[in-house]
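The structure under discussion appears below in the form of structure tokens.
Chain letters run A, B, ... following the sequence lines, proteins first and then strands; every chain starts at 1. All values below come from the heavy atoms of this structure, side chains included, with hydrogens, waters and symmetry mates left out.
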Amino acid sequence: MRDVPAIRVENLTVSYRGKPAIRNVSVVVGQGLRVGLIGPNGAGKSTLLRALVGLLVPDTGRVELFGRPVREARKLVAYVPQRSEVDWDYPVVAEEVVLMGRFPHVGWVRRPRPEDRRVARECLRQVGMEALAHRQIGQLSGGQQQRVFLARALAQEARLLLLDEPFVGVDAATEEAIYGLLDRLREEGRTVVVATHDLSRAQTAFDRLLLLNQHVVAYGPPAEVFQPALLQRTYGGRLTLLEVADQRMAIRP
Amino acid sequence: MSLWELVVEPLQYTFMQRALTAALLVGSICAVLSCFLLVKRWALLGDAISHAVLPGVALAYLLGLPFFVGAVTTGILTALGISAVERHTRIKEDSAMGIVFTGAFALGFVLVSRIRSKAVDLFHILFGNVLGVSDSDLVLTAVTGAVVLGAVLLLYKELVLWTFDPVAAAAMGLPTGVLHYTLMFLLSLTIVASLQTVGIVLVVAMLITPGGVAFLLTDRMSRMLGLAVAVGVVSTVTGLYLSYYLNVASGATMVLVASLLFCAAVLLGPREGLVWEWMRRRRLAEERVAEDFLKQAYVLGPEGWAPERVAERVGLSARRAWQLLRRLQKAGLVRWDGSRVSLSEAGRARAVELVRSHRLWERYLVEQAGLSWAEVHAEAERLEHLSPTELAARLDEALGHPRRDPHGSPIPPEVAGAVPSVRLLDRAPGERVEVREVEDEDPEVLRALEARGVRPGVRLEVLERAPGGLRVRCDGEEVWLDAHLAAAVYTQAEAGSRDDDGMSELQGV
């Protein structure tokens with residue numbers, strides 16, 4: 001199992017509300033990598049992630065996770081949507097939300113075991129939220145809510161994590177918590193795919209970048225892929241790049 | 001008759017024993033489901049299904065089937081019909097429900113009116129007849145209850161995950177469609193089981209209100225379920241007894257009890273109870289009045305004042321002022337020697353803090369926020385009560401340790417100088433003076449003074465005193481000041497330099 005790629009996508013075309021959102025996407029992501037998924041709004045980043053967890057059914061093409069079809073790989077994948085569309089008044093506290101992530105391990109009908117509660121608590125601690133474990137979910141700030149959902153993904157103990165725009169609308173503390181988490185996940189040999197707009201840190205925070213604009217523009221290490229020409233193609237010329245000393249800074253119009 | 005006898009007496013009748021059992025069962029089953037309907041926003045679906053069982057009951061009678069079978073069938077068909085309309089047309093969910101369930105209800109009504117039989121009593125189906133519950137009804141309700149409660153207990157974790165976050169549930173491989181129809185099926189079962197007790201029309205209340213009450217009282221689904229069951233059971237059982245003793249319709253009485261419990265939760269709920277909110281606001285307002293009282297006592301000066309005088313400046317009635325005075329005395333903030341009220345050391349310290357914060361805010365609002373000096377007093381009146389000492393220190397720092405507010409009043413620890421200021425109104429013609437301080441209570445006065453160029457630091461020469469006011473020279477121009485304007489301006493003899501000499505019979509804050 002170690003040598004199979006975490007993600008293998010072949011010729012994937014997925015429509016969203018009747019329109020093709022991604023076309024003929026093929027990519028192979030090795031295990032243990034931090035992958036930045038980069039592209040403009042409407043490039044199909046969310047669609048790709050949702051197809052990877054089986055929330056969208058492909059028109060054509062195939063997805064394999066760790067060498068298995070998505071259906072059989074549910075225990076291995078955790079997905080955090082851009083902004084969870086939940087009822088924020090729901091009578092549930094942070095700790096219970098995280099415990100929900102244990103579902104694939106607990107299984108149908110059974111109650112969570114003490115072990116599951118321990119894992120949930122530990123995951124809350126990892127995102128710096130243990131002090132607010134008993135806070136109702138709607139009474140947390142946007143960044144804190146995002147961290148709770150991250151903790152839930154961690155509690156799934158998945159080998160592949162898919163994070164959709166985790167940096168949008170969060171505070172600096174949450175942003176740092178997420179970047180710290182990415183590093184730790186890699187040390188643990190887990191694979192992470194992060195859809196992001198934060199081009200300024202894309203070069204340093206990820207091992208691979210996947211440039212997407214409905215189809216794959218490029219996939220590879222940042223040093224090879226983070227090139228003006230490729231970025232321009234990804235963003236359709238809507239990007240202004242400023243070269244500052246050795247570091248490239250990208251500014252979106 | 002003792003309470004115990006009141007409770008036990010009706011139970012000598014078998015029909016009441018059966019009714020009580022039915023009430024307990026229906027109260028708890030409906031309550032459990034109500035929690036999930038509430039978080040799933042399915043309250044109207046409950047309404048729809050409950051109405052749609054009517055044609056089922058009628059058809060079952062015509063076909064000679066148990067009415068349970070017919071009711072569950074049409075209940076589920078309606079639920080499916082609503083989903084179909086929603087999926088295949090542009091009609092949205094709420095309208096789809098309205099269209100489908102009224103159609104089904106009307107069909108049922110037509111069928112029942114055709115039957116005209118005593119076996120199907122429309123009034124009982126609509127409003128329930130708990131006193132007429134038969135043993136077989138009871139068995140039916142008990143079995144349904146066991147199925148519903150068992151299913152919810154077993155699937156609790158799944159139902160919570162799905163109702164809270166359907167996307168995550170699907171991503172974790174939960175069959176959300178199955179859960180959707182399971183909950184609909186349980187809902188149909190529950191409604192049918194409740195028909196005899198509360199009837200079609202009122203079962204909706206038992207399927208919404210207990211969950212609603214519990215939702216206001218807790219943050220956790222597990223506790224919400226327990227509370228909802230308590231509310232449901234209390235409503236049905238109390239309603240039953242009330243209807244027995246008052247000889248009124250039992251189903252409606254049960255719903256009324258639930259509604260009253262809901263009102264109580266709205267008013268007294270620990271988190272959002274309107275009563276607590278109201279009391280909290282009142283406490284805050286009291287706190288502000290007390291602080292204003294201390295501040296005015298301070299501003300009036302250290303020698304002590306008749307409490308009426310202080311109260312008048314805060315805008316308190318004599319009675320409220322006496323209550324407040326006693327409270328402040330108990331708290332050790334003021335001293336009361338029988339005729340005069342003065343500040344204790346602690347009271348004075350608190351007052352100084354307030355005055356300091358007020359004047360710093362005024363300065364801040366003029367300098368940093370660009371407000372006119374006429375506007376800032378009212379704003380600072382509010383802000384002073386909300387500013388802890390550290391905040392005042394930060395303001396002070398940011399403003400570069402100012403000594404006076406925009407109206408010329410000293411910001412503590414800066415104090416008024418030894419030489420008292422004199423009102424401009426009391427100056428004689430020919431005197432040359434410097435404006436030291438201006439009363440800041442009345443924005444109109446401040447605007448009028450501003451328009452005439454009179455502000456702290458400006459030099460004036462009094463030219464003439466007339467009955468209605470003063471004529472002065474200000475910045476080389478002759479200006480007329482009405483008496484009420486001149487009365488608001490405090491002056492020093494011109495020779496004095498800005499900061500070492502004094503003032504003040506300060507009358508404003």
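Within residues 206-214 of chain B, no residue has any heavy atom under 4.5 Å from a heavy atom of chain A. Inspection of non-hydrogen atoms places no residue of residues 141-148 of chain B under 4.5 Å from chain A.
Take B:Y364 and apply the ring pair (Phe, Tyr, Trp, His ring centres under 6.0 Å) test, not counting sequence neighbours, and it matches B:W361.
For A:L99, no part sits under 4.5 Å from any heavy atom of chain B, backbone or side chain. Of the atoms belonging to B:L155, it is side-chain heavy atoms, and not backbone ones, that fall under 4.5 Å from chain A. Proximity to chain A (any heavy atom under 4.5 Å) is restricted, for B:F215, to the side chain, taken from C-beta onward. Both the backbone and the side chain of B:M221 come within contact range of chain A, each with at least one heavy atom under 4.5 Å from a heavy atom of that chain. With a 4.5 Å cut-off on non-hydrogen atoms, A:V97 touches chain B through its side chain but not through its backbone. Residue B:L153 touches chain A through its backbone alone, counting heavy-atom pairs closer than 4.5 Å.
Note: B:P175 leads B:A169, B:P166, B:P175, B:C35 in heavy-atom pairs under 4.5 Å with chain A.
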Show me the donor-acceptor pairs under 3.5 Å between chain B and chain A.
from, atom 1, to, atom 2, distance (Å)
B:L153, O, A:R111, NH2, 2.7
B:K157, NZ, A:G107, O, 2.7
B:K157, NZ, A:R110, O, 3.4
B:E158, OE2, A:V109, N, 2.9
B:T163, OG1, A:Y90, OH, 2.5
B:D165, OD2, A:R152, NH1, 3.2
B:D165, OD2, A:R152, NH2, 2.8
B:D219, O, A:V92, N, 3.0
B:R220, NH2, A:H134, ND1, 2.7
B:M221, N, A:P91, O, 2.8

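In terms of heavy-atom proximity, B:M172 sits nearest to A:G101 at CE-CA, 3.9 Å.
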